[in-house]
Each structure stands twice: as structure tokens, then as C-alpha cells.
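Structure first, then comments.
In this text the structure is predicted, and so the values were computed from the model without any measurement.
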Amino acid sequence: MRNKTFLLSSLFLAVAVSASALAGPPATHRSRDIVRLYGGEAHKVPKGNIVAVLANTVFILGEKLAIQKVFRFDPVHVASAGAPDHVEVVDLDADGEAEILITGKPTYVVDMKGEPKFHVADRCDEVYVYKHTVEAKSLVLCSAGNRVQVWRWDGQRLWEMSFAKKSQVPTRFSFKDFDGDEQPDVEFELLRARKAVYRVAGAAGRSIGEYSEREAPFEDLGARRAKQIQSELASKLDVDFGGDGKIWKVVLDGGTLRLFDHEEGVRGSFKVPGGKVSGMVLADMGGGGKKNLVVAHGASVTLLDDAMQVVAAATIDPKSIARSTHVKLEAVHFQGFAEMGAVQKYFLDHLDDLKSCYNARLKKDGVARQGKFMVEGATRKDGSVSKVEKVFNALGYGDVESCLLGRLKRWRLPEPKEGTEGSFSATIFFSWRDEARGMAKK
């Protein structure tokens, strides 16, 4: 199956990744090697963090390169034209801090603290990020099989379109204002259809028409960007250590990184283990304003100062990762109870009872949708639950829902006020996380 990710650099571009700010993956690499680094102002990664990407794992590294968060996913392609590493670090909500869009199986978005923001799909064949001009924020388009979905930066689905035959597959998307409303519309080709070109209002999902020829030529901008990044091959990087506008240069020469100041004097050097570099970024890893050069080589990351002396080094082992379920009580409301605090404590103390429902699905599939599950119910005079109903289920799994409702019906909350019955509503967020040995505990 095809899997492509595109970050469009056009009139409707949300963010363009600067090729001079990072060096991308070499033509070939081992699956245990780092293939991309993101960090610093160029990628809107917060101070004190960098993002390192392996073939199927994303690591958020903190001070002294300690592992803060890790995410593992299943690649679903043979060759990806748009994102060689299945990952885009992009500021979707235009708040000055990037999110991490992971486009493997599943496709989902997390923030720079590693917290899940929203689930896009169990898998996408093609993913496009394009700007919503009215809001100056970005939309995410996911094409999977014969279906197209568009999501807002905050996780709300704008629209969905599907076609009658599974063989009718939308592909080769481009974006242009066709109807004159100054917002990006979507044009794509439909395989095995008589009129093969479709145009859709990008923010509303309203059909503009069907055509036999394209108006907006398709350009594989993702492939062009990947080729441009690859051509750098981490051989050089312009750096401004002091923030004073004086540009120094880091150059890879015969397996050694050499730092030249703005007067072309050599300020220091670092012999790279193995002689090959797969990525470099300039980032404030201490959070105090002093910048460091972060270098990826093999499965290792090295932190260098402005004299090319080693500050810290770490080797990432993806085999150490384990996946676990996390459940969070986001909100709970209740009426008729004598001790309100005791009801909330009961919910918090019994979350593990609900966790096993979600965990069963996670173990079965290896991955699971993440999201909110909202319920409301009532209790008898002795506190036992008399009824409970689903209000909203973002998870979408019928077996998980049945399990959760069954568990809740067996609960016995603190007794309501004398002679009354109690009522409650709760919002519970289910997610999974990956953890690695050596991960910093918070």
C-alpha cells in the first residue's frame, strides 16, 4: 500500500521546513539508526528538547539527552515520497510551538510534552498538511482507501467523503482557491472513474465539481523537499551560537566535524564515531539561552558546545520500548451525594478497573485509538449504580464500550444523601504510551 506525507509549500502553506536548518536521511540507513533530527527555533521545538526519529520510533530528548517521551508506530509503505521518516514536526495551531504528526499506523498527533492531542485514523495512505487561511492554522487531510477525511488543528473533523466502489481511490492531491472564497480547496484524481478529477471546498467538504482534466498541476512537493534535504546529507550547517547574527559554519570533512567562525578560523573539531552524520540541529538544550550543536550519528546523539567539546552523549535503543495503557479522569460531576469529595476519589481509585477494557484492545491490535469516553448514570440509595449510558465515544470500539459500561454498572459509589438517589457524569480519556529504559520520570 502507498503511504505518502506532504507538507505543502504554496499559497496555503502552514509551515515550510528549512533545509538549511537540518540535514536529512542518507540514501540508505539501518532501521536502528537515527534518520532525522528536529530542534531549535527553525522547527519551533521548545527550549530544552529535540526530536529524534528512527525508522519506526520517535524520541523526545531533554536536557543531557535524557529520554522524555517515546512513540512507536508501524510503517505501512514500501517507499514514502513525502516523509521518509513518517513524521512531520509542524505548528498546526499556530501557537508558536510545534506538534508531532506521526503518519504511520496509526496516524495521530501529539504535543511536545508527548501528550496525545488527537487521533487522525488507524492508517492513512496519503497525508497532507495545508493552511486554513482564515484562521492562519493548519488542516490535516488523510486519504485511506476510497475515503478522504479532513481534520482541524484541534482534532475536530471538518468533513469526510467516500466513494461507492473500493477500487475508486482518491490520490495526487493539490490545493488551490477554485471558488474565490480565499480558502484552499482540494483537487484530486480518482482512480477508475470516468470523470477522474474532483474538486472539493477545502474547509466545508462541499463538492465543486467533477472534471476530466486538472486545473492545479500536481507536484510532489514532499518528494522535492525530501530530495533537497537528502542532498545536504548533514555535510554542513550554518549556526549562530551567540544569537548575534554572526554565522559560523559546521562542515563534515573526512569523518570529522569542523567549526569555522565568521572569519573562517577553526574554533574546534569533533571526530564522529563511524564517520557518518545523519542530522544536525542547533538548539538551546539547557533552556538558559546558551545553544548547543546536536549531532546524530548511527543510533547515537552527541551534544557539543561552541568549541566542539562533548557536553553529553546518548545511544537510543528502540528494543527497550514497552507500550502501556494510560487512563485519565478529565471531569466528573455529581448530584445528590453527601460527600462530594468521596465520589471523585472513588472514580480515581477505580480507574484501573476501566483500564483493562482498553488494554485488552491494545494488546489485541498492538495499537488503539486514543480519545474521550463520556458517560452519565444514576445510583440507588445504597450507592450502587442503577443505570449508566454512553454520551460520547471517541474510541469507536463497540467491545471496549460494552466492557466499560459493564464495569461501571458493577460500581458502588458512596451513599447519596439520606432518602435520595444520586446522579453522575464523567469524561475519561484513554490513551497508550511507550516507555523506554532510561526514560526520565516526571
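- In this structure, the separation between OG on Ser425 and CD on Gln335 is 8.5 Å, given to the nearest 0.5 Å.
- Taking NE2 from His350 and CG from Leu408, the interatomic distance works out to 11.0 Å, rounded to the nearest 0.5 Å.
- Taking all atoms of both residues into account, the shortest heavy-atom contact from Ser300 to Ile34 is O-CD1, 3.5 Å.
- A distance-only check finds a donor-acceptor pair linking the side chain of Ser386 to the backbone of Ala378 [under 3.5 Å].
- Residues Arg123 and Thr107 have side chains that never bring a donor and an acceptor to within less than 3.5 angstrom of each other.
- The closest donor-acceptor contact from the side chain of Asp125 to the backbone of Gly145 lies under 3.5 Å.
- Across all non-hydrogen atoms, the minimal contact from Ala136 to Ala94 is O-CB, 3.2 Å.
- The shortest distance between side-chain heavy atoms of Phe71 and Ile60 falls below 4.5 Å.
- The local environment of CD in Glu115 is crowded, with over 12 non-hydrogen atoms from other residues, nucleotides or ligands closer than 6.0 Å.
- Atom-to-atom distance recorded for Glu215:CD and Ser174:OG is 9.5 Å, nearest 0.5 angstrom.
- Between the side chains of Glu126 and Thr171, at least one donor N or O sits under 3.5 Å from an acceptor N or O.
- Proximity of the aromatic rings of Tyr130 and Phe173 is defined here by a centroid distance below 6.0 angstrom, and this criterion is not met.
- Relative orientation of the Phe337 and Phe334 rings is perpendicular, given thresholds of 30° and 60° on the angle between their planes.
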**Request:** Any chance you could lay out the side-chain contact (heavy atoms from CB on, under 4.5 Å) test for Trp151 and Phe118, step after step, and finish with the verdict?
**Result:** CA-CA 10 Å; Trp151 297 79; Phe118 63 93; 4.2 Å; yes
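- Between Asp185 and Lys176 there is no salt bridge, since none of the side-chain N atoms of the basic residue sits less than 4.0 Å from a carboxylate O of the acidic one.
- Asn146 places no side-chain N or O within donor-acceptor distance of the main-chain N or O of Pro170, the cut-off being under 3.5 Å.
- Between Phe188 and Tyr128, a ring centre-to-centre spacing not shorter than 6.0 Å is recorded.
- Under the 3.5 Å distance criterion, the side-chain polar atoms of Asp93 are left unmatched by any main-chain donor or acceptor of Trp153.
- Ion pair Asp434/Arg323 flagged as a salt bridge, since at least one NZ, NE, NH1 or NH2 atom sits closer than 4.0 Å to an Asp/Glu carboxylate oxygen.
- The shortest heavy-atom contact between Tyr397 and Asn393 is O-ND2, 3.9 Å.
- By the 4.5 Å heavy-atom criterion applied to side chains, Arg412 and Arg380 are not counted as neighbours.
- Within the 4.5 Å cutoff, the side chain of Leu282 has no heavy atoms near those of the Val294 side chain.
- Looking only at side-chain heavy atoms (C-beta outward), Phe163 and Arg147 stay at 4.5 Å or farther from each other.
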**Steps toward side-chain contact (heavy atoms from CB on, under 4.5 Å) verdict (His297, Val295)** = CA-CA 7 Å; His297 47 92; Val295 181; 4.1 Å; yes
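- Comment: Asp353 does not engage Lys355 in a salt bridge, judged by the lack of any side-chain N to carboxylate O separation of less than 4.0 angstrom.
- Salt bridge annotation for Lys44-Glu41: absent, with no cationic side-chain nitrogen under 4.0 angstrom from a carboxylate oxygen.
- The two residues Lys166 and Val169 come nearest to each other via the heavy atoms O-CG2, 3.7 Å.
- A distance-only check finds no donor-acceptor pair linking the side chain of Asp177 to the backbone of Pro184 [under 3.5 Å].
- A salt bridge between Lys113 and Asp111 is absent, with no side-chain N of the basic residue lying under 4.0 Å from a carboxylate O of the acidic one.
- In this structure, the side chains of Lys64 and Leu303 stay at 4.5 Å or more apart for every pair of heavy atoms.
- Each of Asn49, Leu61, Ile50 was checked for a side-chain contact (heavy atoms from CB on, under 4.5 Å) with Gln68, and the lone residue meeting it is Asn49.
- Counting heavy atoms from C-beta on, the side chains of Thr379 and Pro416 come closer than 4.5 Å.
- Note: Glu99 CD to Leu101 CG = 9.5 Å, rounded to the nearest 0.5 Å.
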**Prompt:** What's the verdict on side-chain contact (heavy atoms from CB on, under 4.5 Å) for Thr302 and Val310, showing C-alpha distance, side-chain angles and the deciding distance?
**Reply:** CA-CA 7 Å; Thr302 300; Val310 176; 4.0 Å; yes
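- Defined by atom type and a distance below 3.5 Å, a donor-acceptor pair is missing between the side-chain atoms of His132 and Ser138.
- Ion pairing between a basic and an acidic side chain is recognised when a charged N comes within 4.0 Å of a carboxylate O; Glu97 and Lys47 show no such pairing.
- Among Glu189, Glu213, Glu210, Glu187, the one residue that satisfies the salt bridge (charged side-chain N to carboxylate O under 4.0 Å, His left out) test with Arg199 is Glu187.
- You'll find the ring centres of Trp432 and His326 outside the 6.0 Å limit.
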**Message:** If you apply the rule side chain to side chain donor-acceptor pair (under 3.5 Å), what do you find for Thr325 with Arg433, and how did you get there?
**Reply:** CA-CA 6 Å; Thr325 298; Arg433 297 178 185 174; over 6 Å; no
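- Not counting sequence neighbours, the partners of Tyr358 by the ring-ring contact (aromatic ring centres under 6.0 Å, His included) test are Phe430.
- Here the straight-line distance linking atom CG of Asp154 with atom NZ of Lys137 works out to 7.5 Å at 0.5 Å rounding.
- Salt bridge Lys290/Asp284: absent, no basic N to carboxylate O contact under 4.0 Å.
- Inter-residue side-chain proximity for His43 and Val281 is flagged as met; some heavy-atom pair is nearer than 4.5 Å.
- To the nearest 0.5 Å, atom CD of residue Glu63 and atom CG of residue Leu65 are 10.0 Å apart.
- For the residue pair Ala52 and Leu37, the shortest heavy atom distance occurs at CB-CD2, 3.8 Å.
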**Message:** Applying side-chain contact (heavy atoms from CB on, under 4.5 Å) to Phe429 and Phe373, what does each step give before you reach the verdict?
**Reply:** CA-CA 6 Å; Phe429 192 93; Phe373 185 79; over 6 Å; no
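- Remark: side-chain polar atoms of Asp91 are paired, donor with acceptor, to backbone N or O of Asp95 under 3.5 angstrom.
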**Message:** Determine whether Glu376 and Lys387 satisfy the following criterion, salt bridge (charged side-chain N to carboxylate O under 4.0 Å, His left out), listing intermediate values before the conclusion.
**Reply:** CA-CA 8 Å; Glu376 61 183 15; Lys387 67 175 183 178; over 6 Å; no
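- Residues Lys381 and Glu415 are not paired through a salt bridge, judged by the lack of any N-O separation under 4.0 Å between the basic side chain and the carboxylate.
- Of the possible donor and acceptor atoms, none in the side chain of Tyr108 sits under 3.5 Å from a partner among the backbone N and O of Arg369.
- In terms of heavy atoms, Val127 sits closest to Cys124 at CG2-CB, 3.5 Å.
- When side chains are defined from C-beta on, Val140 does not count as touching Val150, because their heavy atoms never get closer than 4.5 Å.
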